[in-house]
Amino acid sequence: MNIIWNKTYGQFHLYNDSISYIIGTAPGGELTNLYFGKRIHAADDMSYVIFRMGMPNVAVDADTESYSMELNRQEYPSFGTTDFGTQAYEIEMSNGSRVSSFVYKSHTIFPGKKQINGLPATYAKDEEAMTLEVELCDEVAQASLVLSYTIFDRYPVIARHAVFTNRGNTRIKLTRAMSCCLDLPDQDYEWMQFTGAWARERIPETRKLGTGTTSIESKRGTSSANQNPFIIIKRPHTDDFAGEAIGFSFVYSGNFLAAAEGGTHGRLRILMGIHPDRFTWPLDKGDSFETPEVIIAATDKGLNDLSQTYHMLYNNHLVRGKWKNEPRPILNNNWEATFMDFTEEDILRIASKAKEAGVELFVLDDGWFGERNDDFAGLGDWVENPEKLPQGMSGLARKINAMGLKFGFWIEPEMVNPNSNLYRRHPDWVLATPGRKSSLGRHQLVLDFSRPEVVDHIYNMLFKVMSDAPISYIKWDMNRSLTEVFSMDASSEEQGTVYHRYVMGVYSLYSRLIEAFPDILFESCSSGGNRFDAGMLYYAPQAWCSDNTDAIDRIRIQYGSSYGYPIVSIGSHVSAVPNQQTGRSVSISTRANVAYFGTFGYELDLNELSDEEFAEVKDQIAFMKKYRDLIQFGRFYRLRSPFETDQAAWMVVSEDRSRAVVGFYCMRSNVNTLPGFLKLAGLDPDRQYSMEGEKYYGDELMNMGITLMRFYKEGFTISEDHASFVTVLEAV
Ligand code: GLA
């Protein structure tokens, strides 16, 4: 890995073993992209790439008559001079002008990577990454812009963000500040997004790009289940196993915009950042604004390779603390077993059975605090309800610990019910527009986390419950979108900062709780997977993937999530049947076969199972304990897509390729068809593996495949509705 500065020609070449990113200085002084892709040799001068032959309608100036920014690739374009494409940023100056142009002033190159103030970001030691910071300035706006690029040594990854600073004496306003722009030289790409809604999150959707704009966004205050802040740009024939693709993952949990704009001269512009709607950031003398970061990853080996890059990068350079690369405890959560209707006795009964099965952590979900007996009351009052917890959280935690289980509980710190002591005392602490009706979501309002005193108050309440009891885990929920956003504490000029400051408030509460309780495992949740993004993973290394716990639906949700997020971050549990969301009944074995590929746990009362099922649960837990290291941290391969066939399959392989676990699922039977073969991936072609008591060569398993006939048992065929198997391969 290295970053070379070619002073004569004003060019930077960032490279490692797999990729090159080459930046030049355009005739006007702006930064122009010369190349991004597979590693190439650094030529002396690459400015021949800059296009000057045409007769642009408007040129930069008399000396560079044939040079227009519209016909070239920009690193961080503005609108208002010769580029008519979508701009990466916009500044409103005190006279109302929005035209600006930042030109090269200086740069620094240093080992490692800096953090971003108050925001999540990947991190690296000096020997693991190198960073280029280019300082640009606009003399008229009296502002500076720093574009930051980090290249990681071991990954085909560039991390980017931007920092604006007001260097003058008058206030300027940022009205748009994307985190990155990448201009590519052609448009022969498909766009892949991860779309959904509550209970059907992160379903891949692909379409061909061309001229015009394709975009996704969230304006809900959270990254959202509707569109995930992760996109892939791929060549039309790229699939999981071969081909070029570039991923863009936003390390942020609030409003966002991701767009691909095809110009009529062939350029393809990719932009990602905070959504510019309802975003205005005033900068007074000396003030700075730092954007969140975008992680750009590239591959020429297909989408499994791209996903593995994100999995490994996030496990090694985003997740922090005690739970970094730590196998996750197998938990039992009481939500679907009791909802809010429970006594301490009920909880102890469920926990005791969980312990008998081999569960390691018990989680008490919603309903333990304030007047919280239904959705209508209690949020905001983070004190135990003595009727449910007679000796408080600490009493229950100690009893559960005494059984030999760890203990954790549920919170929803960003919310308040109008029927709560907190709201009665501080009605101005919510996001609400004066004179207008506040829309409720699940009968709750959103606290104004842009105000530090609100965050402080919640911190103090939570600190008390968390420090009184021996707590190992917290499930942090967030159950509604933001509406009527207005802070009663902010001036009219500051209202455009509220969405972002809200997210910063959430991050600051996370940071303070993590600092106070560094060993606690946080799991983020937002009505299931409404805020499953790379920003959250910096604080909470796992996320409840979906409130839809139906195993068949979960195959798709987990498959879709695996494109951008590590398997160990995917919260997945076995729940009761008929499933509470879909009414479907699936065997306990298929439910577990799906849930293994994630954090694993149970979302039910194990007392309700038959003896045979309970015996099976014990075996499942023993299996997961044996293989979770491999499943959660191995190389994950998607093998067969549930979006293209009635079957699905995936596998994980250990780094040394000596062990693998394969999962196969038949979502819907196809009567009178042959079982066929399942080709595996990632094995050593020359080694023999044992599987189900037989030996097979790696190349045999990868090229011919497993014959699925192998998994027919008496009274059971693998092509039945909801049939599945999980099998282990060990090198001999
Ligand atoms: C959300 C979560 C669920 C559960 C409930 C509790 O819906 O996604 O898992 O915690 O809240 O109210």
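Because only heavy atoms are used, hydrogens play no part in the values below, and waters and symmetry mates are left out as well, while side chains stay in. A quick note: this is a predicted structure, and the numbers were derived from the prediction, not measured. First listed ligand is number 1; within each ligand, the first listed atom is number 1.
Under 4.0 angstrom from ligand 1, there are no non-hydrogen atoms of E336. Contacts between K475 and ligand 1, counted as non-hydrogen atom pairs separated by less than 4.0 Å, involve the side chain only. Heavy atoms of N479 found under 4.0 angstrom from ligand 1 belong exclusively to the side chain. Contact annotation for D477 and ligand 1: only side-chain heavy atoms (C-beta onward) come within less than 4.0 Å of the ligand.
Proximity to D366 (heavy-atom distance under 4.0 Å) selects the following atoms of ligand 1: 6 (C), 12 (O). Near G528, the atoms of ligand 1 lying under 4.0 angstrom from a non-hydrogen atom of the residue are 8 (O). Those atoms of ligand 1 that come under 4.0 Å of a heavy atom in W544, given as number and element, are 8 (O), 9 (O).
Side-chain atoms of T549 and Q580 include no donor-acceptor pair closer than 3.5 Å. If you check the side chains of T343 and D346, you find a donor sitting under 3.5 Å from an acceptor. A donor and an acceptor atom, one from each side chain of S569 and Q542, are nowhere located under 3.5 Å apart. If you check the side chains of E414 and Y502, you find a donor sitting under 3.5 Å from an acceptor.
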Task: salt bridge (Lys or Arg N to Asp or Glu O under 4.0 Å) assessment of R628 paired with E360 - done: CA-CA 13 Å; R628 71 179 143 188; E360 296 159 318; 2.8 Å; yes

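Scanning all protein heavy atoms for the shortest distance to atom 8 (O) of ligand 1 gives D547 OD1, 2.5 Å.
Taking the ring axis of F614 as reference, the NZ or CZ atom of K353 stays within 45° of it and closer than 6.0 Å to the ring centre.
Backbone and side-chain nitrogen or oxygen atoms of C525 are examined, and none is located within less than 3.5 angstrom of a nitrogen or oxygen of ligand 1. Considering backbone and side-chain atoms alike, R442 places an N or O below 3.5 Å from some N or O of ligand 1. Between R372 and ligand 1, not a single N/O pair is under 3.5 Å apart. Looking at ligand 1, you'll find an N or O of D365 within less than 3.5 Å of one of its N or O atoms.
Within the 3.5 Å criterion, the main-chain N or O of N579 finds no donor-acceptor partner in the side chain of T582.
Among Y310, Y563, F256, F248, the one residue that satisfies the ring-ring contact (aromatic ring centres under 6.0 Å, His included) test with F230 is Y310.
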